[in-house]
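Here the structure is a predicted model, which is why all the values come from computation and not from measurement. Along the sequence shown, residues are numbered consecutively beginning with 1.
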Amino acid sequence: MAILTILEYPDPRLSRVAQPVTAFDERLRTLVRDMSETMYAAAGVGLAAVQVDVLERVVVMDLSEEKNELRVFINPGIEWASAELESCEEGCLSVPGIYELVQRPAQVRIRAQDLQGARFELACTGTLAVCVQHEIDHLDGTVFVEHLSLLKQARVRAKLRKRRSRR
C-alpha cells in the first residue's frame, strides 16, 4: 500500500471530471487500498480519486469514530435530492485548514457500484449526505469552496497562498 499525494486547491487538476470505472480488477482494488490509507493518514473522512490525480469515479469514506467502517463508492451519482437544504461546516483534504458553511440538500439518494461492480442505492441523511455530495462534487470537478461567494473564495485562496509561502 502507498500514501498518495493529495492535490491542493486551486490546483487546476481538481477541476477535471472523472471518468466511469469499467474494469473491476486488482488495479482498482489497489487504488482503493491506497486511497483509504491516504485518507486515514491525513485524518480525513472522505477522498475522491480526482484528489490524488486519478481521473476515475472512485470515492472512499469512513465516518466512524473508530475509523473501521470503510465505504467504497464506484461510479457514484445522485439519483434524487431533497428540496430541503441544510448548512453544514465543511472542510477538505485538498483545502487544508479551511472550514466554511456550505448549503446542500438535506437528503439524497445515490446509486453506485461496489468493488465487485454490483450496483446499489443508498439513502443518505445528515453527515453522510453532506460527505457523499462533497465527494461526488470532486468527481465532477468541483471543490467545496466553489459553492462560496466570490469574496469568500478569494479569501480562501489568499489564506492558502500565505500558508504555502511560509513552508
Side-chain angles (χ1 to χ4, degrees), residues 1-78 88-100 102 104 108 110-120 122 124 127-148 153 156-157 159-161 163-167:
M1 294 202 290
I3 302 289
L4 306 171
T5 300
I6 298 172
L7 302 176
E8 289 190 11
Y9 179 82
D11 190 310
R13 293 174 288 179
L14 290 168
S15 299
R16 298 177 303 169
V17 176
Q19 300 303 306
V21 171
T22 56
F24 294 81
D25 55 11
E26 186 56 37
R27 187 201 57 77
L28 178 62
R29 287 185 286 282
T30 298
L31 173 63
V32 166
R33 279 192 301 272
D34 291 347
M35 286 177 60
S36 302
E37 185 175 343
T38 302
M39 176 188 70
Y40 289 130
V45 297
L47 186 67
V50 170
Q51 292 176 269
V52 292
D53 204 19
V54 176
L55 284 181
E56 294 186 67
R57 295 189 74 79
V58 178
V59 168
V60 296
M61 188 179 304
D62 189 338
L63 303 178
S64 70
E65 290 292 323
E66 301 80 20
K67 300 300 178 201
N68 62 356
E69 295 177 20
L70 181 68
R71 295 175 184 246
V72 177
F73 303 95
I74 311 296
N75 299 323
I78 296 172
C88 185
E89 188 175 69
E90 294 187 28
C92 181
L93 294 175
S94 290
V95 192
I98 305 293
Y99 299 89
E100 292 285 345
V102 176
R104 296 185 184 273
V108 293
I110 66 161
R111 49 133 181 85
Q113 291 171 276
D114 64 18
L115 265 174
Q116 290 70 46
R119 297 181 191 285
F120 66 92
L122 182 65
C124 306
T127 303
L128 178 59
V130 171
C131 291
V132 162
Q133 291 174 83
H134 178 111
E135 299 305 336
I136 290 173
D137 270 359
H138 275 301
L139 300 178
D140 294 333
T142 302
V143 177
F144 87 96
V145 296
E146 295 168 29
H147 290 285
L148 305 175
Q153 287 180 44
V156 167
R157 283 192 297 275
K159 281 183 189 176
L160 292 172
R161 268 194 308 274
R163 212 177 277 153
R164 284 187 195 109
S165 69
R166 290 187 203 144
R167 287 183 190 166

Asks: Can you see which heavy atom on Met35 is nearest to which on Val52, and at what distance?
Replies: CG-CG2, 4.1 Å
Asks: Quick one: do Val145 and Glu100 satisfy side-chain contact (heavy atoms from CB on, under 4.5 Å)? Show the steps, please.
Replies: CA-CA 8 Å; Val145 296; Glu100 292 285 345; 5.6 Å; no
Asks: Looking at side-chain heavy atoms only, is the closest gap between Leu128 and Arg71 below 4.5 Å?
Replies: yes
Asks: Counting N and O atoms only, with roles assigned by atom type, does the side chain of Asp62 sit under 3.5 Å from a partner on the main chain of Glu69, one being a donor and the other an acceptor?
Replies: yes
Asks: Evaluate Ile6 against Ser94 for side-chain contact (heavy atoms from CB on, under 4.5 Å), listing each step before the verdict.
Replies: CA-CA 6 Å; Ile6 298 172; Ser94 290; 3.7 Å; yes
Asks: Below 4.5 Å, heavy atoms only, C-beta onward: do Val45 and His134 meet side chain to side chain?
Replies: no
Asks: Run His147 and Asp137 through side-chain contact (heavy atoms from CB on, under 4.5 Å) and show every step you take.
Replies: CA-CA 10 Å; His147 290 285; Asp137 270 359; 2.6 Å; yes
Asks: Using modelled atom types and a 3.5 Å cut-off, is there a donor and acceptor pairing between side-chain atoms of Asp25 and backbone atoms of Leu28?
Replies: yes
Asks: Drop me the distance from Arg29's CZ to Leu115's CG, to the nearest 0.5 angstrom.
Replies: 7.0 Å
Asks: With distance as the sole test, does Asp114 use its side chain to make a donor-acceptor pair with the main-chain N or O of Val72 at under 3.5 Å?
Replies: no
Asks: Give me the atom names and distance for the closest heavy-atom approach of Asn75 to Val21.
Replies: OD1-N, 2.7 Å
Asks: Would you say that more than 12 heavy atoms from the other residues, nucleotides or ligands in this model lie under 6.0 Å from the CD of Glu65, or not?
Replies: no
Asks: Heavy-atom count check: over 12 atoms from other residues, nucleotides or ligands less than 6.0 Å from Lys159 NZ?
Replies: no
Asks: Just wondering, do Glu8 and Arg164 contact through their side chains at under 4.5 Å, heavy atoms?
Replies: yes
Asks: How close do Leu7 and Val50 get, heavy atom to heavy atom, and via which atoms?
Replies: CD1-O, 3.5 Å
Asks: Can a side-chain donor-acceptor contact be found between Arg33 and Ser36 if the only test is distance below 3.5 angstrom?
Replies: no
Asks: For residues Phe24 and Ile74, report the shortest heavy-atom separation together with the two atoms involved.
Replies: CE2-CG2, 3.5 Å
Asks: The test is salt bridge (charged side-chain N to carboxylate O under 4.0 Å, His left out); show your working for Asp11 and Arg16 and say whether it passes.
Replies: CA-CA 10 Å; Asp11 190 310; Arg16 298 177 303 169; over 6 Å; no
Asks: Looking only at non-hydrogen atoms, find the nearest pair between Gly46 and Gln51 and report the distance.
Replies: O-OE1, 4.5 Å
Asks: Measuring from atom CD1 of Ile78 to atom CZ of Arg104, what distance do you get when rounded to the nearest 0.5 angstrom?
Replies: 8.0 Å
Asks: Working to the nearest 0.5 angstrom, can you tell me the gap between Glu56 CD and Leu139 CG?
Replies: 10.5 Å
Asks: Looking at CG of Leu47 and NE2 of His138, how far apart are the two atoms once the value is rounded to the nearest 0.5 Å?
Replies: 8.0 Å
Asks: Quick one: does Gln153's side chain have a donor or acceptor within less than 3.5 Å of a partner on Leu148's backbone?
Replies: yes
Asks: Using 0.5 Å steps for rounding, measure from the CZ atom of Phe73 to the CZ atom of Arg57.
Replies: 13.0 Å
Asks: Where do Cys124 and Ala129 come nearest, in terms of heavy atoms and distance?
Replies: O-CB, 3.5 Å
Asks: What distance separates Gln133 CD from Phe144 CZ, expressed to the nearest 0.5 Å?
Replies: 14.5 Å
